[in-house]
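What follows is a single structure, and I will ask about it in a moment.
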Amino acid sequence: MSVAPLVVALVQVAVAVVFAPLVIGVTRQTRARLEGRVGPGVLQPARDLRKLLAKTPLRAAGTSPLTVVAPVVLLASSLLLAALVPLVAALPLALVPGDLFVVVSVLLVGTVAIALLGLDAGSAFGGMGSSRHMTIAALVEPTVLVAVYALSIPAGSSALPLIVAARRDHPASIATPAGVLAVVALAIVVLAETGRLPIDNPATHLELTMIHEAMVLETSARDLAWVDLASWLRLSVLLGLVGNLLLPWGVAGTAAVGPVLLGALALAGKLAVLAVLLATAEVGMAKLRLFRVPELLAGSFVLAFLAVTASYLVA
Amino acid sequence: MSLAGLARLIWRTGRIAEPAPGVPGRPDHDTGAEAPVLPRALRGSVQVRHVDAGSCNGCEIELAAAFGPVYDAERYGARLVASPRHADVVLVTGAVTRNMAEPLRLTVAATPQPRVVLAVGDCARDCGAFRGAYGVVGAVGDVVPVDLAVPGCPPAPADIVAALRQVTGR
Ligand code: SF4
């Protein structure tokens, strides 16, 4: 076993941690500009994080150690996700396979951690957020599995790095019906998984409409910093994955310094474009009623299912 | 409105935020009053939780304007949040009524240290027009320690923004 993929995975994690606050900063800044405001600048989420880390956590009376542990577990799952998903380089890790089942389970570990965190303080809104979050997770995970499965058929492997590498080496497979359907399905579930519009409104103040925010209402200071960083990492990593599936160019194929640097630059470009697109789309969108969300997610499942069918028909 | 119409409107409107005044000095500096000591940890980023302790809602309208596109308090790093656990500043408006005295105390206690309590409006500073009313416990300072106050009935959005800028230092 060589250490090169391991080093590259660590580089990926570092790059993701640096980029995640910037991605959020770019979306908020774009939104502010489109609303006619000046906006706080793309560095504001990083400043928020620094400030949160300097504060003393306050935990509600009667909470279990879970309140302390869950944010760390969530952050660990997001960091692992950043290591497994091909962001900068498409090198499979020998230690943990970047297999689609592993990636989905890592996502689920984080989902369960934050749902338990929402329940732990015993507030009504926390429990409501957790139940909504689990409902959405149950609808999202099958779509992720089926969509990645559709992508794995032309690549002949279910490991994400190999899928991205195969798409890079054979660009013809990107524009196939199966490939397009699967990526669209994946993009919809990424929005659901990361709590963006139209499924959840990240800027809401109305507890009754919250999903992600409702679970973290009782979290403060350092705990909140970990939860925030973890959810920003999730968004950036999943956006990066969609970006790399759509435009697999620039993703490093070897562990040399040059390609990895180029990969990081390409990732920065893709993330910037996707973040601006995401924020622009969100300005023109309202949140869906909660009872309409399953319809949207069922639609994305149908797309993923069609993608699998199409890839068998073609193959 | 169609999406194209919305896009045209956004394009035509452009930036409506007013140009930022210079970085605020301490306003008490020429009156000789003691400048408030504000925590350094909150420099650059301040999350604000708003508590209406019994206001007539005049202050709320000005507050909404302060965070709206024209005054855009967000550009100085201040942001309204939904929970006191996330907040650094508890922004209180209105004279404290009997029903809101305990919730106000609890909200301030639920805000992690270091925190700043900001009293906005004459009512919050000294009960204003409602002084001596039967439902009023007192000014905000009678219930929780106040670090910073904004005078005015209602205070201008620019004054609220200036007070927040003292905390963020931007
Ligand atoms: S200060 Fe004036 S505007 Fe504000 S709550 Fe009191 S009476 Fe209303």
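Throughout, protein chains are lettered first and strands after them, A, B, ... in sequence-line order, and every chain is numbered starting at 1.
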Tell me, side chain or backbone of B:Ala78 under 4.5 Å from chain A's heavy atoms, or both, or neither? neither
Spell out the residues in residues 24-44 of chain A that have some non-hydrogen atom less than 4.5 Å away from a non-hydrogen atom of chain B, in order of number; otherwise answer 'none'. A:Arg28, A:Leu34, A:Glu35, A:Gly36, A:Arg37, A:Val38, A:Gly39, A:Pro40, A:Gln44
With a 4.5 angstrom heavy-atom cut-off, could you sort out which part of B:Arg115 is near chain A: side chain, backbone, both or neither? neither
More than 12 heavy atoms of other residues, nucleotides or ligands under 6.0 Å from CG of B:Asn99: is that the case? no
I'd like to know if the side chain of A:Lys55 reaches the main chain of B:His86, judged simply by a donor and an acceptor atom lying under 3.5 Å from each other, with no hydrogens or angles considered.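 The answer is no, because no donor-acceptor pair under 3.5 Å joins these two groups.
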Smallest separation among heavy atoms of A:Val283 and B:Leu6, with atom names: O-CD2, 4.3 Å
Within residues 217-236 of chain A, which positions have a heavy-atom distance to chain B below 4.5 Å? A:Leu217, A:Glu218, A:Thr219, A:Ser220, A:Ala221, A:Leu224
Spacing of CG belonging to A:Asp48 relative to CD belonging to B:Gln47, to within rounding of 0.5 Å: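 Answer rounded to 0.5 Å: 4.5 Å.
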Let's test your reading of the structure: which of B:Val46, B:Leu80, B:Val70, B:Thr13 forms the most heavy-atom pairs below 4.5 Å with chain A?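 If we count pairs closer than 4.5 Å to chain A, B:Leu80 comes out on top.
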Counting heavy-atom pairs closer than 4.5 Å to chain A, which one of B:Pro112, B:Ala73, B:Pro114 comes out on top?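 Heavy-atom pairs under 4.5 Å are most numerous for B:Pro112.
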Can you establish whether the number of heavy atoms outside B:Arg8 located under 6.0 Å from its atom CZ is more than 12?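 No.
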